[in-house]
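The shown structure was predicted, so the numbers you read here are calculated from the model rather than taken from an experiment. Order of the sequence lines fixes the chain letters, A, B, ..., with proteins taken first and strands second; residue numbering starts at 1 for each chain.
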2 protein chains.
Amino acid sequence: MTTGLRERKKAATRSALHEAALRLVAERGLDGVSVDDIAARADVSPRTFFNYFATKDDAVLGLDPAELRRTAQALAGRPADESTVAALRAVQREQAEEMARETELWPLRLQVIEANPDLVGRLVTHFGEADRALATAVAERTGTDVDTDTLPTLLALTSGAVMRTALHRWLTSGFTDSLPRLVDEAWDVLARGLAALPH
Amino acid sequence: MTTGLRERKKAATRSALHEAALRLVAERGLDGVSVDDIAARADVSPRTFFNYFATKDDAVLGLDPAELRRTAQALAGRPADESTVAALRAVQREQAEEMARETELWPLRLQVIEANPDLVGRLVTHFGEADRALATAVAERTGTDVDTDTLPTLLALTSGAVMRTALHRWLTSGFTDSLPRLVDEAWDVLARGLAALPH
DNA sequence: AGCCATCGTTGCATGGTCTGCAAGTTTGCG
DNA sequence: CGCAAACTTGCAGACCATGCAACGATGGCT
């Protein structure tokens, strides 16, 4: 899986912009930082900034709409004989591993969000988008309909809840626990809890 | 309680701006409407718009930071021998009565939010502000500390949950139920549920 | 290696949001 | 009536975000 130069450069620029935005906002606050500042720190033109992020907030949070599509495709790429829940677990595990690789930035992100509550709103809508994208992906995989069937939305929201729970525990552990492990654990707890329900 | 001319005019301008924003956005969508359009429709200068609302979104939603302060003062104004929960109930009841008076605009507001999901983010942060303002007000009233004591934040968030639950039921009833009644009912259900807990 | 199509970067121009400042008006009150 | 406070307005300016067109780098193909 060799990624071309072009692709690597793009990823580098995106991450440079995100990190520049994050660090600058951590230092000066959201209003103390302009898009021009961020572009300058990442060594690209201000115009290029908007080739990577739709808004300043998105750059600070590092939100990537392409990520939503990638998740959907990852789900589609899982073996067809796997149960949907198992496929979701597997996809989330990979995501968790990737996120865990940049442990360094997470404390900064949370501190920046804490200090600039405006960002919370953007985060919430992003999670909403993620849930909806995942729901359509599940519908695709199971041949159901997002609008009429309960399954896809329920599974997507549940899986989102699992990830957010794991993230919360990761945070409260000071990022010492292993995120993939926490994700697995959350799924297990959920499965056991559901199995114990009267039926 | 006679309100002066100045005060009445201000209220009229604010509500004219909100209603103008709401109706225009309902017609053309959030991006199809500029602040200038809204000001024009409300018959004030564009500059005056920003004397009333900090952002276009706030005008569309009708969010008023002064409202937060008013709620806090209303709580402070309740008799000291009243329990804090009773005081919160009373304050919310008054708010509910006021909100119920403009039944006409609520369907439009919800439709506009539905059609312009960007607004949800702003709403979320506004609710967060409201919760925090209420928590400090409770802390003030009970002589506790927002940062170290559990009580104020817990009561504030609970009371926020009650109001949002009532609002949700109001919406699903098509605004035929009485909002103040729904608020009361939510408090009652909560009280009964808590009383039934093992202790 | 060399050519070309594609993709990414950049500058420029533009429309819109929001703020600070310094007038001008209106309102409240003695 | 006349003053002080509050509200409105215009203007200038910073910043955000987008469309367009020119330019340069990349990757595939021969």
For A/Met99 and A/Thr103, run side chain to side chain contact (heavy atoms under 4.5 Å, CB included): C-alpha distance rounded to whole Å, both residues' side-chain angles, the deciding distance at 0.1 Å, then the answer.
CA-CA 7 Å; A/Met99 293 169 79; A/Thr103 305; over 6 Å; no
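Protein atom CZ of A/Phe50 is 17 Å distant from nucleotide atom P of D/dC20, rounded to whole Å. For A/Lys10 and D/dG27, the NZ to C1' distance is 15 Å, given to the nearest whole Å. As rounded to whole Å, 11 Å separates atom C1' of D/dA14 from atom NZ of A/Lys56. For the pair B/Phe53 CZ and C/dT17 P, the interatomic distance rounds to 15 Å; values are reported in whole Å. Separating the CG atom of A/Asp58 from the P atom of D/dC16 is a distance of 14 Å, rounded to the nearest angstrom. Computed from coordinates, the A/Glu7 CD to D/dG28 C1' distance equals 15 Å when rounded to whole Å. A/Arg8 has its CZ atom 14 Å from the C1' atom of D/dA25, to the nearest Å. C/dC21 atom P lies 14 Å from atom CG of B/Asn51, rounded to whole Å.
Counting non-hydrogen atoms under 4.0 angstrom, B/Ser34 reaches the backbone sugars and phosphates but no base. Within 4.0 Å (heavy atoms only), A/Phe49 reaches no atom of the nucleic acid at all. B/Tyr52 comes within 4.0 angstrom of sugar-phosphate atoms only, judged by non-hydrogen atoms across all strands, and of no base.
The side chain of A/Lys9 contributes no N or O atom lying less than 4.0 Å from OP1 or OP2 of C/dG8. Using a 4.0 Å cut-off, some side-chain N or O of A/Ser45 falls inside it from OP1 or OP2 of C/dT10.
Checked by distance alone, A/Arg47 brings a side-chain donor or acceptor within 3.5 Å of a matching partner on the base of D/dG19.
Within a 6.0 Å radius of CD in B/Glu97, other residues, nucleotides and ligands contribute more than 12 heavy atoms. Residue-environment remark: CD (A/Glu114) stays at or below the threshold of 12 foreign heavy atoms within 6.0 Å.
Between the side chains of B/Arg23 and B/His18, no donor-acceptor pair is found at a separation under 3.5 Å.
In this structure, A/Arg122 forms no cation-pi arrangement with A/Phe127, as its terminal cationic atom is not both closer than 6.0 Å to the ring centre and no more than 45° off the ring axis.
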